[in-house]
Every structure is written in C-alpha cells, then in structure tokens.
Amino acid sequence: MKIFKILAVSAMVLGMTSCISKKQYDALSSNYKQCIENVGERQREIQDLKSQNSALTSENNLLKSQHDALKSSLDACLSNTGKSSANIDKLVGEINASNSYIKQLISSNAKNDSLNLALSNKLKRSLDNVADDDVQVKVLKGVVMISLSDKMLYRTGDYNVLPAAQEVLGKVAKVINDYDKYSVLIEGNTDNAPLNSPNLPRDNWDLSALRGTAVAKVLQTQFGVDPARITAGGRSEYNPKATNMSVSGRAENRRTEIIIMPKLDEFMKLMDIAPKK
C-alpha cells in the first residue's frame, strides 16, 4: 500500500511540471520509474510465493489424509476387543513413525523451497537488464527454470552460440557455480517448421540437441561450470509452450531451457527417511 501511495504522489507531482524546475522534474520522474519497477518485482515475487504455497498446501493435505487413515485404523483396532495388545503396540509405532516422517518431509521441503526461491530471485536480479521476451525465470515443481529465446542465442537454423549471448550465459553460469550442490539440465526446443538437410543439423531433432549441447559447452569451457553437473539434449518440436499456428507461438517454442534442480542423491536422502514397513 505504501508503494502505491508513493506512485500516486509521484504522478501528481509529475502533473505539475510547469511549477517545478527541470532538475526537480527529472528527479521525480526517475523516482516514479523506480517505483514502477519495484512494484513489478514485488508482484513477481508474490506470484512465486503463491505458487509455492499452493504446492505445499496440497502436499500437506495429502500427508494429513494419510495420517487420518492411520489414526482411523488405530481407533478401529482399539474398539475391537479381539485384537491383541501386540498388534495395537505395532500400530501405535507405525503412527509415531509416520508422524516423524511427515515432520522431516515438511522440514526438507521447506528448506528446498527456500533455496529455490533464493536462487530464482538471484537469477532475476542478475538478468534484470535483459528483455523479458528473451529470458524468463520461474520456479516450477521444485526446480528453477530459465528459458532463453533462440533469437538471442543463435542464427536461424544454426546451433552455434552467438557472441552477444555470452554476457547472459556468463550471468547464469555465475549463479550456477554459486549453487554447486544443484544439477543442471539443458534442453533445446524447436517449432514444427520442417528442417531437411543432408548436413548437420538434418532435422529438428538434430537442431534441438545440438543447441542444447552448444550451450552446455559454453557454460563448461567459457565459464567453468563442472561438466559432471550438466545433462544436455534436445526435445525437437514435441514440447511446445504455445501453438505453432502463429508467428509469435512458433517464436516462443524456439527456446533453450536451463533447469537447475537438487541432485539425485538429495532426493534419495529424502526417500531414506521414510518409515520402514
């Protein structure tokens, strides 16, 4: 609310430009633009937090239902005098183990969500001066996804990374290197326009895969990202974000995505804390 009050006051002052000096006007104009940018950034962060909160709520509801089912089983067992005390003790133990697992799972998920949000916000700040239609950063299902447009990275039908893209990839690589416990998946994507050539790339499968590995090589050789953390490949035209029936849709589908996610062994650790049956 405070931000919107500032915006309103700034707008009123800007409307009175005939009564103030150009220096004052320029200062107010700059302040107004900064406020607009701050509002946009706060709104993006709010959307990210809402998305994470929704996912955690769904998961928590599932865990609660599992707990309720176990408790119902216990109540039924207690009401049945034919059951032995040994079985009751076993069921109580299972409920206690389940409760412990739920607490650990929620704690682990909260930690991962915090790390992912911090990583996402750091990337957004690093890439703040890049056009939104060229770079998009978001958190989706526990991973951070960076979508890079093909026009920023390559020439049409080519897979060699343009020199102009080095600055953006360098900023991405710096954040990747800061979060060295995460794995990096690089996926090339194309539209459905046919590409038939006797030489490489022969078709969209070749083009998407070569683009993915080209970005991986730049991150490795130019910016020191550990290649053991990288998986690169292509998905051709079969993972579209928009319709291929329009020019803008095909442009959105031609992209390379860098996906930053916890390493597989972190997921395995989470599985190991599950109660034994």
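Keep in mind the model is a prediction, meaning the values are calculated, not measured.
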Problem - Qualifying residues under side chain to side chain donor-acceptor pair (under 3.5 Å), relative to Ser147, sequence neighbours excluded - result: none
Exercise for the section: Evaluate the side-chain contact (heavy atoms from CB on, under 4.5 Å) criterion for residues Lys241 and Asn189: first the C-alpha distance (whole Å), next the side-chain angles of each, then the deciding distance (0.1 Å), finally the verdict. Expected result: CA-CA 10 Å; Lys241 292 177 64 177; Asn189 293 268; over 6 Å; no
Exercise for the section: Compare every heavy atom of Gly157 with every heavy atom of Pro201, then report the nearest pair and how far apart it is. Expected result: CG-O, 3.8 Å
Completion exercise
In terms of heavy-atom contacts, Met152 and Leu162 come closest through O-CD1, 4.0 Å
Practice task
Using distance alone, with no hydrogens and no angle criterion, decide if Asn244 and Asn253 have a side-chain donor and acceptor under 3.5 Å apart.
Solution key: yes
Problem - Contacts of Asp178 that satisfy salt bridge (Lys or Arg N to Asp or Glu O under 4.0 Å) - sequence neighbours left out - result: Lys122, Lys174
Problem - Shared hydrophobic cluster, Tyr159 / Val161 (ILVMFWY, side-chain heavy atoms < 4.5 Å) - result: no
Problem - Derivation and outcome, side-chain contact (heavy atoms from CB on, under 4.5 Å), residues Ile258 and Val184 - result: CA-CA 7 Å; Ile258 301 176; Val184 182; 3.8 Å; yes
Completion exercise
residues 207-228 vs side-chain hydrogen bond (donor to acceptor under 3.5 Å, both in side chains), sequence neighbours excluded, gives none
Handout entry: Common cluster, Leu210/Ile230, ILVMFWY with side-chain heavy-atom separation under 4.5 Å
Key = no
Exercise for the section: Could I get the full list of side chain to side chain donor-acceptor pair (under 3.5 Å) partners for Tyr154, not counting sequence neighbours? Expected result: Thr256
Handout entry: Shared hydrophobic cluster for Val215 and Leu207 (ILVMFWY, side-chain gaps under 4.5 Å)
Key = no
Handout entry: Which residues share a salt bridge (Lys or Arg N to Asp or Glu O under 4.0 Å) with Glu187, sequence neighbours left out
Key = Arg235
Handout entry: Asn204 side chain vs Pro194 backbone, donor-acceptor pair below 3.5 Å
Key = no
Practice task
Please test Leu148 against Asp134 for side-chain contact (heavy atoms from CB on, under 4.5 Å), starting from the C-alpha separation and ending with a verdict.
Solution key: CA-CA 6 Å; Leu148 307 174; Asp134 286 336; over 6 Å; no
Fill in the blank from the handout: So ring pair (Phe, Tyr, Trp, His ring centres under 6.0 Å) across residues 208-231, not counting sequence neighbours, yields none
Completion exercise
Members sharing Ile46's hydrophobic cluster, built from side-chain contacts under 4.5 Å between Ile, Leu, Val, Met, Phe, Trp and Tyr, are none
Completion exercise
Sorted by chain and residue number, the salt bridge (Lys or Arg N to Asp or Glu O under 4.0 Å) partners of Glu257 (sequence neighbours excluded) come out as Arg255
Fill in the blank from the handout: Residues pairing under salt bridge (Lys or Arg N to Asp or Glu O under 4.0 Å) where one sits in residues 197-209, two or more places apart or in two chains, turn out to be Arg202-Asp206
Handout entry: Partners meeting side chain to side chain donor-acceptor pair (under 3.5 Å) with Asp158 (sequence neighbours left out)
Key = Asn160
Completion exercise
Here the pair of heavy atoms bringing Leu219 nearest to Leu169 is CD2-O, 3.7 Å
Exercise for the section: Would you check, one step at a time, whether the test side-chain contact (heavy atoms from CB on, under 4.5 Å) holds for Lys138 with Ile146? Expected result: CA-CA 7 Å; Lys138 62 181 179 180; Ile146 311 164; over 6 Å; no
Problem - Non-neighbouring partners of Arg254 that pass side chain to side chain donor-acceptor pair (under 3.5 Å), sequence neighbours left out - result: Asp150, Asp191
Problem - Qualifying ring pair (Phe, Tyr, Trp, His ring centres under 6.0 Å) pairs with a residue from residues 187-217, counting only residues at least two apart or across chains - result: Trp205-Tyr238
